[in-house]
Asks: 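This is the structure, below, for whatever I ask next.
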Amino acid sequence: MTAATSKPPTAPKFWLMKGEPDECTIDDLANLPNQTVPWTGVRNYQARNFMREMRLGDLAFFYHSSCPEPGIAGIVQISRLAYPDATQFDAKSKYFDAKSKPEAPRWEHVDVQLVRKLPLISLATLRETPALADLTILQRGNRLSITPVDTVHWEQVLKLIAIN
DNA sequence: GCCAACGTTGGC
DNA sequence: GCCAACGTTGGC
């Protein structure tokens, strides 16, 4: 038995990131410089911690949330590791956090870059797919804006649109 | 706008 | 450290 059974630390991970189309749609992202956006505004420790775990090249589903047609709208990749969120110190921002100090920032975020837009995979379609029953965002009461996605779930979602 | 579910706050 | 009150999320 060798030590070769463990996975390389560089294996890309999969995530799902919820965004509100009111702020940035997948098409908005496509039109930004470098098709890249800083994922600012996360104010939940669990979601922040997931961003800290992200590595360059990890892939994420870009999910449209709080809108008429919620669902997966595209794929993005992590293009910059977590760094302090400037909006927490901006008193005019809706993400301002008076309790966070510049010498000890509470909130961080990654940057994400568009990989490809997908035909919208609606929340209803996700719910109708038995193989996705354990997908985190489909669990009762789940509100986390950033969640890990199992490899099998990632592949299953892509099967829904015959990409892979 | 409703409301279930969950996270955060703060008094004790 | 408990827990009630309050705020937020997010689909419907």
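A, B, ... follow the sequence lines: proteins, then strands. Residue 1 opens every chain.
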Asks: Kindly indicate whether the side chain of A:Arg43 and the base of C:dT8 share any N or O donor-acceptor pair separated by less than 3.5 Å?
Replies: no
Asks: Minimum heavy-atom separation for A:Arg48 and A:Arg106, please, with both atom names.
Replies: NH1-O, 2.9 Å
Asks: Between C:dG11 atom P and A:Ile72 atom CD1, what is the distance in whole Å?
Replies: 12 Å
Asks: Answer yes or no: is there a side-chain heavy-atom contact under 4.5 Å between A:His64 and A:Glu69?
Replies: no
Asks: What's the closest nucleotide to the A:Arg143 side chain, out of B:dT8, B:dG10, B:dG7?
Replies: B:dG7
Asks: For the side chain of A:Arg140, starting at C-beta, report the closest nucleotide among C:dG10, B:dG7, B:dA5.
Replies: B:dA5
Asks: Distance check, rounded to the nearest 0.5 Å: A:Phe62 atom CZ versus A:Leu29 atom CG?
Replies: 6.0 Å
Asks: Could you give the distance from CZ (A:Arg80) to CD (A:Gln113), rounded to the nearest 0.5 Å?
Replies: 13.5 Å
Asks: Between B:dC6 atom P and A:Asn142 atom CG, what is the distance in whole Å?
Replies: 9 Å
Asks: A:Asp22 has an atom CG; how far is it from atom C1' of C:dT9, in whole Å?
Replies: 14 Å
Asks: Is it the case that more than 12 heavy atoms not belonging to A:Glu20 sit under 6.0 Å from its CD atom?
Replies: yes
Asks: Quickly work out the A:His64 NE2 to C:dG11 C1' distance and round it to whole Å.
Replies: 16 Å
Asks: What distance do A:Ile78 atom CD1 and A:Asp58 atom CG have between them, rounded to the nearest 0.5 Å?
Replies: 6.0 Å
Asks: Between B:dT9, B:dT8, C:dG10, spot the one nearest the side chain of A:Ser66, thanks.
Replies: C:dG10
Asks: Can any side-chain N or O of A:Gln35 pair as donor or acceptor with the backbone N or O of A:Asn31 at less than 3.5 Å?
Replies: no
Asks: Rounded to whole angstroms, how far apart are NZ on A:Lys99 and P on C:dG7?
Replies: 13 Å
Asks: CH2 of A:Trp107 versus P of B:dG7: gap in Å, rounded?
Replies: 13 Å
Asks: Name the closest nucleotide to the A:Leu123 side chain, picking from C:dG10, B:dG7, C:dG11.
Replies: C:dG11
Asks: How close or far is atom P of B:dG7 from atom CD1 of A:Ile146, stated in whole angstroms?
Replies: 15 Å
Asks: Distance check needed: C:dG11 P versus A:Leu144 CG, whole Å only.
Replies: 13 Å
Asks: Let's see if you can work this out: which of B:dT9, B:dA5, B:dG7 has an atom nearest to the side-chain heavy atoms of A:Asn44?
Replies: B:dG7
Asks: Using a cut-off of strictly less than 4.0 Å between a heavy atom of the residue and any atom of DNA chain B, enumerate the qualifying residues of residues 127-139 of chain A by number.
Replies: none
